[in-house]
Amino acid sequence: GDSVTQTEGQVALSEEDFLTIHCNYSASGYPTLFWYVQYPGEGPQLLFRASRDKEKGSSRGFEATYDKGTTSFHLRKASVQESDSAVYYCALSVGNNRIFFGDGTQLVVKP
Amino acid sequence: GPKVLQIPSHQIIDMGQMVTLNCDPVSNHLYFYWYKQILGQQMEFLVNFYNGKVMEKSKLFKDQFSVERPDGSYFTLKIQPTALEDSAVYFCASSWDWGDYAEQFFGPGTRLTVL
């Protein structure tokens with residue numbers, strides 16, 4: 001079935017560190033891939049999406065590249081800030097408006 | 001940005017009782033969704049709803065669950081009767097259109113505890 005795997009449950013960094021959160025997917029069709037961010041007390045909000053192989057999604061300094069060969073969509077940011085502390089979800093959809101979420105990665109950035 | 005509201009934020013209820021979770025979607029949106037997240041687990045799709053009808057539901061959407069949006073008011077999820085395994089955070093979402101380019105906007109969730 002369709003699923004998303006995030007390797008890291010929690011990531012702790014200092015400001016200006018480089019961030020990588022790994023995401024791999026399994027899908028029956030050709031999925032659209034998403035990264036969502038969730039701040040405390042709020043629902044998930046879309047960070048960006050990508051729908052084709054080699055397409056790069058980006059927003060607020062975060063980016064990820066759709067890689068069909070390795071079925072991956074890893075999230076990266078060159079220099080994190082304390083305000084980036086949140087839960088990040090990798091997700092996919094195969095066109096039926098049903099979103100499959102990963103387990104989420106708690107990012108903690110210390111000043 | 002557009003906001004989805006959910007009422008209440010927390011609900012504690014005894015097993016076997018009925019509960020209604022309320023969602024106030026973005027005003028011009030046409031498609032509505034419920035997702036369920038058990039503590040420590042993935043957020044999972046329950047159901048989507050358009051034009052007064054359930055379009056698709058998952059295996060998690062048991063017979064005890066129902067959804068409706070009477071007269072453009074709240075989009076509701078009703079559970080009757082509740083069971084212990086219904087304890088979770090329930091997220092409502094809405095979108096303007098259908099398809100992967102129609103962004104789903106999520107509410108902050110209702111934490112349901114069934115005792």
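All values reported here derive from a predicted model rather than from experimental measurement. In what follows, every chain begins at residue 1, and chains take the letters A, B, ... in the order their sequences are listed.
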Arg69(B) atom CZ, neighbour heavy-atom count above 12 within 6.0 Å = yes
Which answer fits Phe91(B), side chain, backbone, both or neither, if we ask what part of it has an atom under 4.5 Å from a heavy atom of chain A?
-> side chain
Identify which part of Gln37(B) has an atom lying under 4.5 Å from any heavy atom of chain A, answering side chain, backbone, both or neither.
-> side chain
Does atom NZ of Lys62(B) have more than 12 heavy-atom neighbours from other groups under 6.0 Å away?
-> yes
Go through the atoms of Glu56(B) and report whether side chain, backbone, both or neither lie under 4.5 Å from a heavy atom of chain A.
-> side chain
State whether the number of non-hydrogen atoms from other residues, nucleotides or ligands found under 6.0 Å of Gln10(A) atom CD is greater than 12.
-> yes
Would you say Leu5(B) has more than 12 foreign heavy atoms packed within less than 6.0 Å of its CG?
-> yes
Least distance between heavy atoms, Gln104(B) atom then Asn97(A) atom | NE2-O, 3.0 Å
Minimal heavy-atom distance between Gln42(B) and Asp103(A), with the atoms involved, is CG-OD1, 2.6 Å
Among Tyr39(A), Phe101(A), Tyr89(A), Tyr36(A), single out the residue with the greatest number of heavy-atom pairs under 4.5 Å to chain B.
-> Phe101(A)
Do we see a donor-acceptor contact under 3.5 Å between the side chains of Thr32(A) and Tyr101(B)?
-> no
Could you tell me the separation between the NZ atom of Lys57(B) and the CZ atom of Arg98(A), rounded to the nearest 0.5 Å?
-> 11.5 Å
Is Tyr74(B) atom OH crowded by more than 12 heavy atoms from other residues, nucleotides or ligands, each under 6.0 Å away?
-> no
Contact origin within Ser95(B) toward chain A - heavy atom pairs under 4.5 Å = side chain
Would you say Tyr35(B) and Ile99(A) make side-chain contact, with heavy atoms under 4.5 Å?
-> yes
Portion of Glu42(A) that has a non-hydrogen atom of chain B nearer than 4.5 angstrom | backbone
Scanning both residues in full, the closest heavy-atom pair of Gly41(A) with Pro108(B) reads O-CB, 3.3 Å
In one Ile/Leu/Val/Met/Phe/Trp/Tyr side-chain cluster, 4.5 Å: Val114(B), Trp34(B) = yes
Look at atom CG of Leu115(B) and say whether more than 12 heavy atoms of other residues, nucleotides or ligands are closer to it than 6.0 Å.
-> yes
In this structure, are over 12 heavy atoms from other groups packed under 6.0 Å from Lys53(B) atom NZ?
-> no
